[in-house]
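Data block below; observations after.
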Protein chains: 2
Amino acid sequence: MDPHPGRGCTLADVLAIGDFSRLTHLSVRTLRRYHEAGLLVPARVDAATGYRSYDPDQIPTAQVIHRLRELDVPLPDVRRVVESPDPEERAALVARHLRRLEAELDRTRAAVSSLRRLLDPEPAPLAVELRAVGEQTVAAVAAEVDAGDVPAWYAGAMAELAAVLTADGADAGPGGPAGGVYDNALFEEGRGRAVVHRPCPDPPRRGRVHPLTLPAVELAVATHVGPHDASDVTYGEVGRWLVDNALTVAGPVRETYLVGPPDTDDPAAWRTEVGWPVFRVVP
Amino acid sequence: MDPHPGRGCTLADVLAIGDFSRLTHLSVRTLRRYHEAGLLVPARVDAATGYRSYDPDQIPTAQVIHRLRELDVPLPDVRRVVESPDPEERAALVARHLRRLEAELDRTRAAVSSLRRLLDPEPAPLAVELRAVGEQTVAAVAAEVDAGDVPAWYAGAMAELAAVLTADGADAGPGGPAGGVYDNALFEEGRGRAVVHRPCPDPPRRGRVHPLTLPAVELAVATHVGPHDASDVTYGEVGRWLVDNALTVAGPVRETYLVGPPDTDDPAAWRTEVGWPVFRVVP
DNA sequence: GTGGGGCGTCCCGCGCGGGGAGGGTCAACA
DNA sequence: TGTTGACCCTCCCCGCGCGGGACGCCCCAC
């Protein structure tokens, strides 16, 4: 039962890596890796043998690292936390990661709900409609973004757009729901151009907001109900409809936010019109 | 704006991989990988060129896969889901994964709370006590388990133990709180022997339950308050105390569940006595 | 027929952990 | 005094799921 018979293990004021491993419940391999990463440097390293020695005072640090890793905090970020001496700064760094975790949790919840819908044996049929949309002048915020950053970017851009338009005060409120335009590359390569916009007869140019003219297109539109990150289910159904009707996609998708975050906090109640520009293959 | 100028893209009754990618928002690379993994096999593969063709009916399947992957379901498990034709079986498989996710969420919550405690600038001092424990005969359930499986195994073993002991009826309820014994290898190598037990003067032998004699040891004990998977914080503090008192660890750790799941559902109220067997280095 | 996009395969990288080989080190024992 | 056995070291490989890049063929519109 003796964990290391045949050796004294004095547990003096420094600890061999094996003893430290036992006390922290971190594996020896992992401790070595953390040393290599500069995350948890042993108190002493024997120059001749390379043996690592740890100070008992390092136990709490090791445990903080352990916990952060359990929360899937990347090693470089863990390092930033354990290196910052100020408790407040540490707390702020940790809080930031907790917010990240919450966002991930939201994502998970959305995935679960849309999965339920997908596996529903009696899916509600989706109404897809072909609609000609004329050229349109809007106030827009546009950027090249990574797919993962879309929700955050969307929130910021929408907020700025709303702020500029209401401050502008030229019109009695925006003349219709906000919309978005998303490059296909965003979905195919994980990065692409994204635009959010609001209809505005004489768009201002302030901050990131600028006038933009959306070309006329023919859209296959359907209404997506639920959180935005489940919209690809609806896109898929629209795509299916396109195929059945011998149409082909012709440009970046367009969205119209009929009911969204400014209206209600309940994502299940959001209504987004998604539209895929099309070509007619057969006239 | 045409996503693939220079080519007709008929969107006939089969789709080229690029078109399918656009319709499902899965990257071309990922689709190829899913084919290779047998997860989403194209409807047709041209024998001469190797070109993949997808059927529009495969769009929903692709989306289910997409969602499951968002939930970090491993590819082999995803495959099991999409291959099972029975909706009920699929629902059951998915439900199992959702339960796994919930367990992970619990783990995350526990990590967060113990992280807060670790970063608390004013930690409550921990009372560690040295206690001689005599030989003890108990009814036990023992197994060689993986570290990750401990919570699940613990729940099952405790339930069986309780069922057998109350059915046995030889005594008016167990004569004390339940306990556990955990090999150090469990923490160091991620796999080791685990035992849960209840004191019992004449232990029965039924199912996995069997009599066991725990050897007499000298224990450094402290009381851990909170969920079980945060106990290593307390272990670390006990270890620190051991070092300061020139003691060395001598065997598998022991736990006593003073207040646990059978008493209350609130992990924050659980009280576990953790004990580390020790040698005296200096008499 | 030619150009440029699509598509194919192959290999490498990431982050974090584990497995295993091969060899040096240290203490207790005969 | 040597032997034994645990301990520790370094180095390389594998796993997961995804992406990047190189390289070459295919196919269609012009």
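Computed from a predicted structure; not experimentally measured. By convention in this document, chain letters (A, B, ...) are assigned in the order of the sequence lines, proteins followed by strands, and residues within each chain are numbered from 1.
Arg52(A) comes within 4.0 angstrom of the backbone, heavy atoms only, and of no base. Residue contacts for Arg69(A): at a heavy-atom cut-off of 4.0 Å it reaches the sugar-phosphate backbone alone, with no base atom in range.
Checked by distance alone, Arg29(B) brings no side-chain donor or acceptor within 3.5 Å of a matching partner on the base of dG17(D). Counting atom types as modelled, Tyr51(B) pairs no side-chain N or O with a base atom of dG8(C) as donor and acceptor under 3.5 Å.
Residues Tyr34(A) and Ala48(A) each lie close to DNA chain C; by heavy-atom proximity, the contact nearer the 5' end of the strand is made by Tyr34(A).
dC7(C) atom P lies 10 Å from atom OH of Tyr54(B), rounded to whole Å. Rounded to whole angstrom, the span from the CD1 atom of Ile17(A) across to the P atom of dT25(C) amounts to 17 Å. Going from atom CZ of Arg79(A) over to atom C1' of dG15(C) covers 16 Å, rounded to whole Å. For the pair Asp146(A) CG and dG19(D) P, the interatomic distance rounds to 12 Å; values are reported in whole Å. The distance between atom CZ of Arg22(A) and atom C1' of dC8(D), rounded to the nearest whole Å, is 12 Å. Per the geometry, CG belonging to Leu68(B) stands 15 Å off C1' belonging to dG17(D), to the nearest Å. Nucleotide dG6(C) holds its C1' atom 14 Å from the CG atom of Leu31(B), rounded to whole Å. Remark: P of dC14(C) and CG of Asp77(A) are 18 Å apart, rounded to the nearest angstrom.
Other residues, nucleotides and ligands contribute over 12 non-hydrogen atoms within 6.0 Å of the CZ atom of Arg100(B).
Note on Arg33(B): every side-chain N or O is 4.0 Å or more away from OP1 and OP2 of dC10(C). Contact between the side-chain N/O atoms of Thr30(B) and the OP1/OP2 oxygens of dG17(D) is not found at any separation under 4.0 Å. For dG19(D), the OP1/OP2 oxygens have a side-chain nitrogen or oxygen of Ser27(B) closer than 4.0 Å. Taking 4.0 angstrom as the limit, Arg32(A) places none of its side-chain polar atoms (N or O) nearer than this to OP1 or OP2 of dT10(D).
Under the 3.5 Å distance criterion, the side-chain polar atoms of Arg69(B) are matched with a main-chain donor or acceptor of Val73(B).
Glu70(A) and Arg67(A) are joined by a salt bridge, as a carboxylate oxygen and a charged side-chain nitrogen come within less than 4.0 angstrom of each other. Here Arg117(B) pairs with Glu237(B) in a salt bridge; the nearest charged N to carboxylate O distance falls below 4.0 Å.
Counting only heavy atoms from C-beta on, Thr49(A) has its side chain closest to dC26(C) among dG17(D), dG17(C), dC26(C). Distances from the side chain of Pro74(A) to the nucleotides dC9(D), dG17(D), dC16(C) place dC16(C) closest.
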* Might you work through the side-chain contact (heavy atoms from CB on, under 4.5 Å) test for Val94(A) and His97(A), ending with a clear yes or no? => CA-CA 5 Å; Val94(A) 170; His97(A) 283 298; 5.6 Å; no

